[in-house]
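Side chains included, hydrogens not; waters and symmetry mates left out as well; all remaining heavy atoms used. In each ligand, atom 1 is the first atom listed, and ligand 1 is the first ligand listed.
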Amino acid sequence: MSKLDRPVVAETTAPTGQRTVLTQRREDRFARVEPKGKRVHTARERAEMLVDEGSFVEMTPMRSAGAGTGSGVVAGWGTTDGHSVVVVSHDAAVASGAIGAVMAESIQKAQRFAIDKGYPIVYINDSGGARIHDGIFALHGCGGIFALNIEAQSRIPQISLILGPCAGAAAYSPALTDWTIMVKEQGQMFLTGPDIVKAATGEDATAEDIGGSALHTKVSGVAHLEVDSEQEAFYATRLLLSFLPTHKGGAQKRHDPVPANPGAAAALPTLVPEKSSVVFDMNKLLDGVLDNGARLELMPEHAPSILTLFARLDGHAVGVLANQPNARGGILDSKASVKAARFVEFCGRFDLPVLTFVDVPGFLPGTVEEGRGVITHGAKLLKAYVETKSPKLTVVVRKSYGGAYIAMGSASLGADANWAWSNSEIAVMGPGGAVALLHRRALKEAEEPTVLRDQLAAVYREEVARPYLAAEAGIVDDVIHPEETRERMVAAMRMLTHGSAV
Ligand SMILES: CC(=O)SCCNC(=O)CCNC(=O)[C@H](O)C(C)(C)COP(=O)(O)OP(=O)(O)OC[C@H]1O[C@@H](n2cnc3c(N)ncnc32)[C@H](O)[C@@H]1OP(=O)(O)O
């Protein structure tokens, strides 16, 4: 079973009929890289494979940069699961897909169309960046693409696929879009390619070293999903689009409600270990609450202490943010904060409800994290929650301490509804740290400091950290049992989305 845990979409058959010089050139180009066993489809075939069969319509197919080479890009529209989408597909057969003046103009025309008409846009990237021959005209064209990427951010979802080496401008444009999907050992993103790196710095590095999917989906966070093939990239894009409205303010895609997985729901009351240092898999908890159906986790291998995924609750598409105790105890650090903030901000931009599941020990302390600017990055998460005006539902399932309590969708940041499980703890810090700080002298003088520490920690749990105090203060709406979580969230969602109509 592949990573996306789904059937692979059937490959669309290659276009038949009379071949033009242009398609012949493209096939020649791809035949050159075929020995890798990858990248065997032309730009137009890729666009056709992404959308519903037979739905692709190319805009300005005769547009040419001269000498019968085409414009270097196939741009057009089609549908995915019946919903319209605009597609831009770089033609690597023409100068490695490098973006010249004419190609930039064609891309911008598609972007303008998508923004003005309110349709998502998918960029299939396979390009050597700005076309060297076109000089300033190439740079001006690339800048125009970036400007429209930025304009689009507040209007339509933008998804980038990386299906070949993408240099310079072909890497910046994806960075300005919402989600980037890379094909393993086939797609790369870098500012300059290996030859130029060697010339400029003397560094010997392959395209994979500088910008492969492993680097960008695990370390840098520049890309958000790594898949094994072009077909998987198209499948993941369609799945992603299935959770999103076509444009800001557009209708949410509602499905029939499906109950949570019955086995997982039955296991909820005993899933979370009582001892806060014992780990568990947050995915199992989500299985017991969310609709039992399609999900898409983004950035699964980058900052895995936080989970970000699209799923459904009561048939509504929702964004889910959750600490993952199985990965570094579910801690927040700089990377996890940026990942979480980006996700919440995206959900807010497209009116997707945000469900937050909290079991967080705090922000990771220490010189390394402070040096990375964890304060600034953590603040981004605070800002994302406050600015998100879509429904925000939060449940504390075990512990929630300090600044991390605030940052994980707390009432103070505008949660519309929030609950705590009955065995949870909410406090400025965990019992260990609090007791050590408040009772420093007594512990130093005690004959049996461990016994005293345990006693004081028990008192702290009871008098300071228990969730009933938060509920009595009206800061947490209610203390609930694990098995009540789904019904509480569903009821709140129905109220916040004005009944079943979204
Ligand atoms: C703002 C900016 O975009 S700055 C960035 C400018 N771009 C770059 O630095 C990348 C330069 N290109 C490269 O590093 C490499 O060509 C790669 C990594 C993109 C592709 O490598 P490969 O798959 O090995 O292909 P290869 O290098 O053979 O290039 C294929 C063809 O595309 C041409 N080409 C590649 N990039 C460009 C470019 N940016 N402009 C014009 N032609 C280009 C090559 O000259 C070559 O032409 P040819 O077939 O006539 O010899």
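Nearest heavy atoms, C142 versus A169: SG-CB, 3.4 Å.
For ligand 1 and R131, the ligand atoms under 4.0 Å from any heavy atom of the residue are 40 (N). Atom numbering of ligand 1 starts at 1 in the shown order; those under 4.0 Å from a heavy atom of G129 are 3 (O). Those atoms of ligand 1 with a heavy atom of H133 less than 4.0 angstrom away are 41 (C), 42 (N). In the vicinity of A167, heavy-atom distances shorter than 4.0 Å reach the ligand 1 atoms 8 (C), 10 (C). Numbered from 1 in the order shown, with element, the atoms of ligand 1 that lie under 4.0 Å from a heavy atom of G193 read 14 (O). Close approach to G168 involves these atoms of ligand 1, each under 4.0 Å from a residue heavy atom: 2 (C), 3 (O), 5 (C). Taking every heavy atom of A130 and a limit of under 4.0 angstrom, the matching atoms of ligand 1 come to 1 (C), 2 (C), 3 (O), 38 (C), 39 (N), 40 (N).
Under a 3.5 Å cut-off, the side chain of E203 and the backbone N or O of V197 do not form any donor-acceptor pair. Looking only at distances, no side-chain donor or acceptor of E301 sits under 3.5 Å from a matching main-chain atom of L225. Formation of a donor-acceptor pair under 3.5 Å by the R238 side chain with backbone atoms of L50 is found in this model. In this structure, the side chain of N125 engages the main chain of Y123 through a donor-acceptor pair within 3.5 Å.
Taking only non-hydrogen atoms, the option from G128, G72, A93 nearest to atom 11 (C) of ligand 1 is G128. Nearest to atom 3 (O) of ligand 1 by heavy atom, out of A170, A171, A169, is A169. The heavy atom nearest to atom 38 (C) of ligand 1, out of those in A92, A98, S127, is found in A98.
Here's the thing with L139: none of its N/O atoms is less than 3.5 angstrom from an N/O atom of ligand 1.
Other residues, nucleotides and ligands place no more than 12 heavy atoms under 6.0 Å from the CZ atom of R328.
Partner of I306 under the side-chain contact (heavy atoms from CB on, under 4.5 Å) criterion, out of M408, M299, Q324: M408 alone.
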(Q) Between Q186 and E230, does the side-chain hydrogen bond (donor to acceptor under 3.5 Å, both in side chains) criterion hold? Intermediate values first, please. (A) CA-CA 9 Å; Q186 179 180 331; E230 293 191 8; 2.8 Å; yes

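The shortest separation from a heavy atom of I196 to ligand 1 is under 4.0 Å, placing the residue in contact.
Contacts with ligand 1 closer than 4.0 Å are made by no heavy atom of Q188, backbone or side chain.
The six-membered or imidazole ring of F310 lies near that of F343, with a centre-to-centre distance under 6.0 Å.
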